[in-house]
Amino acid sequence: MFNSKFGSVPKFYVRAPGRVNIIGEHIDYCGYSVLPMAIEQDMLIAVEPVKTHVLQLANTNPLYPDFSTSANNIQIDKTKPLWPNYFLCGFKGIQEHFGLSDLTGMNCLVDGNIPPSSGLSSSSALVCCAGLVTLTVLGMNLSKVELAEICTKSEHYIGTEGGGMDQSISFLAEEGTAKLIEFSPLRATDVKLPSGAVFVIANSCVEMNKAATSHFNIRVMECRLAAKLLAKHKCLPWEEVLRLEEVQAKLEVSLEEMLLITEDTLHSEPYSPEEICRCLGISLQELKTQILSPNTQDVLTFKLYQRAKHVYSEAARVLQFKKICEEAPDSTVQLLGELMNQSHVSCRDMYECSCPELDQLVDICRKFGAQGSRLTGAGWGGCTVSIVPADKLSSFLANVHEAYYQRSNRSLVPEKQSLFATKPGGGALVFLEA
């Protein structure tokens, strides 16, 4: 197909995997550790550097039209999350990191088997793939950590205020192990998952494009505002606080204590912009121009108590999950399942990032043998992840398939993309032969 598109052959290939977040939802951008693993599904790009300064992108999927632009004048339209923009994010991130202006062009054919808008990080995998493609074409070197940090920052060009989990696991993943990803500084620690259980991904078939909806960025802003109000209440320099983790670090208290402080400080009724201004002693104009992002300036209510409660409790669940994996008691699978169930309830009720189909799918998964099941990825659609005892796997897959997919037209989605067991895969890499 490369030859029919470009009349030549690729010089090298780059792959970057999708990921499933086992536990730790919506807390990476608050500064807290998360626990994902790479999946076997990935983005793959065939690349041919060319002497022109033109970037030509094609996709094996006919739904995604071809695209070309000047390599030296990258424009990313935040209002339209079109597929080439994710490639351009990675390209521009590397270009700006090295301060380059006269860039060579390239022909790229993109292929991928990560279901789009499913919460398995297809968009970030494309950003990471593009970053590694650009680095390779330039003949430059960066560490995996540096690449992850550049791609995290550059994905913000598309208007998504993500926190870095997706890009970090895409580069730092290793086959056979999940990872505890910590931030500031970025580092990854192996987490050995229990051998008697399998993690199963089930797609709700409700698509959610993170960059196309304001839900995600409103949550980021609610967490930022909650952090500022908590900091102000505790007489900390709130102007410089951006993340909930910073409040905990400055107070030098436990996550359990932060939950109590949240109870004492924030009220459960939504806050209006005017009330937030009164609490912080600033004007509405200052709130809009100095704190809120452009796409959250017209929001009328912010739920600060609920969002902070979710973040601090979810951060604690991540640490408990890792501890149970390390200690490996007889009841490991049951205990991990309970944490995953608690996580889903918090995502549904406190963070309000679930949807009826996800809740139904989680219930079905638990009914047919999952010890724990929860939404994974941003939510509002996408996938669930379940921990299933290995000896129940085949009956679990058959029953969930019948109960969720066959009883509706969802069975039109290819089964390989909708319901599958997964094991931890490896990270992004460059290779010379397909």
Side-chain angles (χ1 to χ4, degrees), residues 16-39 41-43 86 89-90 93 114 117-129 131 144-156 158 160-174 177-191 193 199 201 208 210-211 216-217 219-220 223 242-245 307 310-312 314-319 321-322 339-340 343 346-347 351 353 374-380 382-383 385 422 424-428:
R19 62 97 191 96
V20 59
N21 189 22
I22 301 170
I23 197 158
E25 217 58 73
H26 285 283
I27 62 174
D28 57 341
Y29 53 77
C30 296
Y32 283 110
S33 308
V34 289
L35 212 154
M37 66 180 179
I39 56 176
Q41 287 84 346
D42 56 14
M43 281 287 170
Y86 292 98
C89 283
I114 309 168
S117 301
S118 64
L120 299 177
S121 207
S122 58
S123 50
S124 295
L126 181 51
V127 174
C128 293
C129 223
K144 290 178 180 180
V145 166
E146 287 170 317
L147 267 167
E149 290 179 329
I150 290 165
C151 289
T152 297
K153 206 166 100 191
S154 69
E155 196 167 326
H156 292 179
I158 206 148
T160 309
E161 305 278 339
M165 165 177 61
D166 303 347
Q167 301 81 1
S168 302
I169 191 66
S170 198
F171 285 113
L172 302 175
E174 291 179 74
T177 180
K179 294 279 186 179
L180 179 80
I181 306 270
E182 299 170 87
F183 303 97
S184 304
L186 176 60
R187 56 211 184 279
T189 311
D190 289 0
V191 177
L193 299 172
F199 287 88
I201 294 169
M208 183 271 174
K210 216 161 48 179
F216 186 89
N217 289 335
R219 294 298 181 278
V220 175
C223 290
L242 293 175
R243 298 184 181 93
L244 285 163
E245 185 275 334
R307 311 315 183 216
H310 166 76
V311 170
Y312 289 130
E314 186 79 346
R317 283 187 284 273
V318 170
L319 301 180
F321 195 101
K322 177 174 181 276
L339 289 172
M340 291 171 72
S343 170
S346 185
C347 286
Y351 222 71
C353 61
R374 57 180 291 277
L375 66 83
T376 185
W380 298 289
C383 289
V385 59
T422 190

Quiz item: Who are the ring-ring contact (aromatic ring centres under 6.0 Å, His included) partners of His26, not counting sequence neighbours?
Solution: Tyr29, Phe216, Tyr351, Trp380
Practice problem: Please report the closest heavy-atom contact between Glu155 and Val127, naming both atoms and the distance. | Solution: OE1-CG2, 3.7 Å
Quiz item: What closest approach, in Å, do Leu180 and Val191 show between heavy atoms, and which atom pair accounts for it?
Solution: N-CG2, 3.7 Å
Quiz prompt | Sub-4.5 Å side-chain heavy-atom contact between Val385 and Asn21 | solution = no
Quiz item: In chain order, what residues pass the salt bridge (charged side-chain N to carboxylate O under 4.0 Å, His left out) check against Lys144, with sequence neighbours excluded?
Solution: none
Self-check item: side chain to side chain contact (heavy atoms under 4.5 Å, CB included) involving Thr152 - partner list, sequence neighbours excluded
Solution: Gln167
Quiz item: To the nearest 0.5 Å, how far apart are CD in Gln41 and OG in Ser121?
Solution: 12.5 Å
Quiz item: Backbone N or O of Cys89 within a donor-acceptor pair of the Ser154 side chain at under 3.5 Å?
Solution: yes
Practice problem: List the atom of Gly31, the atom of Arg243, and the distance in Å for their closest heavy-atom pair. | Solution: N-CD, 3.6 Å
Exercise. State, with a plain yes or no, whether a side-chain heavy atom of Val20 is found less than 4.5 Å away from one of Phe199.
Key: no
Practice problem: Would you name the heavy atoms of Asp42 and Pro17 that are closest together and state the gap between them? | Solution: CB-CA, 3.7 Å
Quiz item: Between Leu375 and Glu25, which heavy-atom pair has the shortest distance, and what is it?
Solution: O-OE1, 3.7 Å
Quiz prompt | From CD1 (Ile158) to OG (Ser123), nearest 0.5 Å | solution = 8.0 Å
Quiz item: To the nearest 0.5 Å, how far apart are OG in Ser33 and CD1 in Ile23?
Solution: 12.5 Å
Quiz item: So, Glu245 side chain and Cys30 main chain: donor-acceptor pair closer than 3.5 Å or not?
Solution: no
Quiz item: Do the non-hydrogen side-chain atoms of Leu244 and Arg307 ever get within less than 4.5 Å of each other?
Solution: no
Self-check item: Nearest-0.5 Å distance, CG of residue Asp166 to OG of residue Ser122
Solution: 9.5 Å
Quiz item: For the residue pair Ser170 and Ala125, what are the closest heavy atoms and their distance?
Solution: OG-CA, 4.5 Å
Self-check item: Ser343-Arg374 side chain donor-acceptor pair, cut-off 3.5 Å
Solution: yes
Quiz prompt | Partner of Leu35 by side-chain contact (heavy atoms from CB on, under 4.5 Å), out of Ile22, Thr189, Ile169, Ile181 | solution = Ile22
Quiz prompt | Atom pair CD (Glu314) and CZ (Phe321), whose distance is rounded to the nearest 0.5 Å | solution = 11.0 Å
Exercise. State, yes or no, whether a side-chain contact exists between Ile27 and Val34 at a heavy-atom distance under 4.5 Å.
Key: yes
Self-check item: Reported CD-to-CZ distance for the pair Glu149 and Phe183, which is rounded to 0.5 angstrom
Solution: 10.0 Å
Quiz item: Is the side chain of Asp28 donor-acceptor paired with the backbone N or O of Met165 at a distance under 3.5 Å, no angle test?
Solution: yes
